[in-house]
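Here the structure is laid out as C-alpha cells; the discussion comes afterwards.
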Protein chains: 2
Amino acid sequence: MADESEGETRSERKRAAILRAATTAFRDEGYESTSMDRIAALAGVSKRTVYNHFGGKEALLGAVFEHHLARLASRARVDWEPARPLAAQLRAFARAKLATLEDPVWTGLLRVALGVFMHHPDLVRETALRASRSDDALVSWLRAASAAGRVRVDDRERAAAQFWALIKGELFWPVIFGVREPPTPAQRDAVIDGAIELFLERYGAERPATGRGAS
Amino acid sequence: MADESEGETRSERKRAAILRAATTAFRDEGYESTSMDRIAALAGVSKRTVYNHFGGKEALLGAVFEHHLARLASRARVDWEPARPLAAQLRAFARAKLATLEDPVWTGLLRVALGVFMHHPDLVRETALRASRSDDALVSWLRAASAAGRVRVDDRERAAAQFWALIKGELFWPVIFGVREPPTPAQRDAVIDGAIELFLERYGAERPATGRGAS
DNA sequence: TCGGCACTACACTGTGCAGTGTACTTCTCG
DNA sequence: CGAGAAGTACACTGCACAGTGTAGTGCCGA
C-alpha cells in the first residue's frame, strides 16, 4: 500500500499522494462527481499543486489510469514449454490475465475510466490496443504449440480470441459491469477449466483418453 | 423513420419528439454533455414541456433506454425444432441476438447508458437481468435438445454462458467499446460459425469422431 | 363557441465546479 | 546559510446547467 512514498523528492511524494487520492476518489465517486478540490483535500495538498503536477482533470484521470496499467503490466507472462501439459499452460494464461480481477482498485477504476473514455474513441482505441497486447502472447504461444504439433489451429488469431472470449465473457465483463459478484477462486477455476476443456476439445492434438488432467 | 408521429394526441406527438431528440442527443454528445435545453430545442419543444413529460434528466434517459429496449425486444425468438440441424438453430440464436448490433442507434445509446448506469449498481443489475432474459432461451433450448439426445450437456447454464461469451466476446464488446468496426455480415457469420463449431465439437452428440461418452 | 389542458417564452435561482493569479511560506540542496 | 524550487492559502472568474415559477397562448373536444 504505502510503499511508494518513501525516500523520494518532496515533489514526488506529493505527486504520488495526488495519484493515490485521485484513484480512490474517482473509483468511489465517479469521474464527474469528483471535484478537483476534493482530490486536493484528500491528498492533503493544495489544489494549486494538483494543477502544477497535472494539466487538468482529464489528464489526471489519464495519469491515474496509466499508473495502474503499468503497475499491473508487471505481472507474469507465459511462455511455451513443450514439457508442460497444454491445459496447465492455458490455465496459467487465464489466471495471469484474471489476476487483475482480484485487484478491486483496478476494477473500480476501469469501470470509471470506461465510462469516461467511452466518449473519446481515439483514446479508447489506443489504450485498448495496449491492454490487448497481452492477448497476443497467446497467439505466439499457439504458434509455438502448433509448430510442435500439439495443437491444430489454422486461424490462431481467432482461436486466441475465442479463448479470451470464453474467459472474459464469464468472468470479466459481468464483474466490470457489476452484474455478478467477483467470483470465488473455486468458481473462477471452474470457469477456466470449462473454457480450457472446450478449447482443447477442438484444438488440442494430444488428447490421450478422458484426459481431464486433474492438476 | 417517422412512423410513430402519426394520428396521435398533440401530447403524444410532443412526447415522441422529445424521445427522438433525446435519443440522438444522448447518443451523439453523451449524457453529461447534453443539456436539457439542447434536447428541448432539438425536439422543437419548450424546455418546460420536457419537464412536464419526464421527471428529470435521468428519468428521461431511462425512458429513452426503455423505449428502444422495447423496440428491440420485438425480435424473433428461437424454439427447439428436432428436425433442424443443431448448427442452423444455434446460428439463428446468434443472428437474432446480434441483430441489435446492426442498429447503430442502439449501440450508440447503449454505450452512453452503460457509462451512466455504471454508477448505479441497482439499475444496472435490474436492466441487465432483463436484457439477459434472452440468454435463458438458449438454456431452455439446450434442455430440449438434451432431452432429445442431440447434445450432451450437464451444466446447461455454463454451456449457454460459454456460447454467448464466444459470440459477444468477438462481436459485441469490441463494437460497443469502439475497439473494432462493426463487422460485415461475412465476418459476422464467420465468427458465428467458428463459435458454433467450437461449441458443437464439445457438446454436440451427433458428431461422429471424438466421442467422449463417459457418463 | 367555450372551457380547460397542454404548450410556450422567459426569466431566474442556485449550485457546483474547473481553472487561474498571487502573495506568502516551507523545503531542499549546494 | 541562502537562493530558488515547490507548495500553500484563498480569493475570484466564468461558466454551464438542472430545475422552477409564471403569465400568457394555442389547441382540441364537447
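The chains referred to below are lettered A, B, ... by the order of the sequence lines, with proteins before strands, and numbering in each begins at 1.
Annotation: cation-pi geometry satisfied between B/Lys97 and B/Trp164 (NZ/CZ under 6.0 angstrom from ring centroid, within 45° of ring axis).
Spacing between atom NZ of B/Lys14 and atom P of C/dC7 amounts to 7 Å, rounded to whole angstrom units. B/Asp37 has its CG atom 11 Å from the C1' atom of C/dC10, to the nearest Å. Taking atom CD1 on A/Ile39 and atom C1' on C/dC17, their separation rounds to 12 Å, with Å as the unit. Whole-Å rounding puts the A/Leu60 CG to C/dG19 P distance at 10 Å. Taking atom CD of residue A/Glu12 and atom P of nucleotide C/dC29, one finds them 10 Å apart after rounding to whole Å.
In terms of polar N and O atoms assigned as donor or acceptor, the side chain of A/Lys57 never comes within less than 3.5 Å of the base of C/dG19 in a complementary pairing.
At a cut-off of 3.5 Å, with distance as the only test, no side-chain donor of A/Gln89 or A/Trp80 sits close to an acceptor on the other residue.
Inter-residue side-chain proximity for A/Glu29 and A/Val112 is flagged as unmet; no heavy-atom pair is nearer than 4.5 Å. Put simply, the side chain of B/Ile196 does not reach to within 4.5 Å of the side chain of B/Leu166, judged on heavy atoms. Between A/Thr49 and A/His53 the shortest side-chain heavy-atom distance falls below 4.5 Å.
Atom CZ of A/Arg180 has more than 12 neighbouring heavy atoms from other residues, nucleotides or ligands inside a 6.0 Å radius. Within 6.0 Å of atom CZ in B/Arg91, more than 12 heavy atoms from other residues, nucleotides or ligands are found, so the atom counts as buried in its surroundings.
Remark: A/Arg13 is in phosphate contact with C/dT28, judged by side-chain N or O atoms under 4.0 Å from OP1 or OP2. In this structure, B/His53 does not reach the C/dA6 phosphate: none of its side-chain N or O atoms is under 4.0 Å from OP1 or OP2. The side chain of B/Ser46 places no N or O atom within less than 4.0 Å of a non-bridging phosphate oxygen (OP1 or OP2) of C/dC10.
Bracketed by its first and final contacts, the part of DNA chain D lying under 4.0 Å from non-hydrogen atoms of chain A reaches from D/dA5 to D/dA9 in 5' to 3' order.
Residues that satisfy the ring pair (Phe, Tyr, Trp, His ring centres under 6.0 Å) test with A/Trp106, not counting sequence neighbours, are A/Phe65.
Between A/Tyr31 and B/Thr49, the one whose closest nucleotide on DNA chain C sits nearer the 5' end is B/Thr49. Mapping B/Gly44 and A/Glu32 onto DNA chain C by nearest heavy atom places B/Gly44 at the nucleotide closer to the 5' end. Comparing B/Arg10 and B/Gly56 by the nucleotide of DNA chain D whose heavy atom lies nearest to each, the residue mapping closer to the 5' end is B/Gly56.
Between the side chain of B/Thr9 and the main chain of B/Ser11, no donor-acceptor pair closer than 3.5 Å is present.
Direction of the helix axis in the helix from C/dT1-D/dA30 to C/dG30-D/dC1 shifts by 30° between the two five-pair termini, rounded to 10°.
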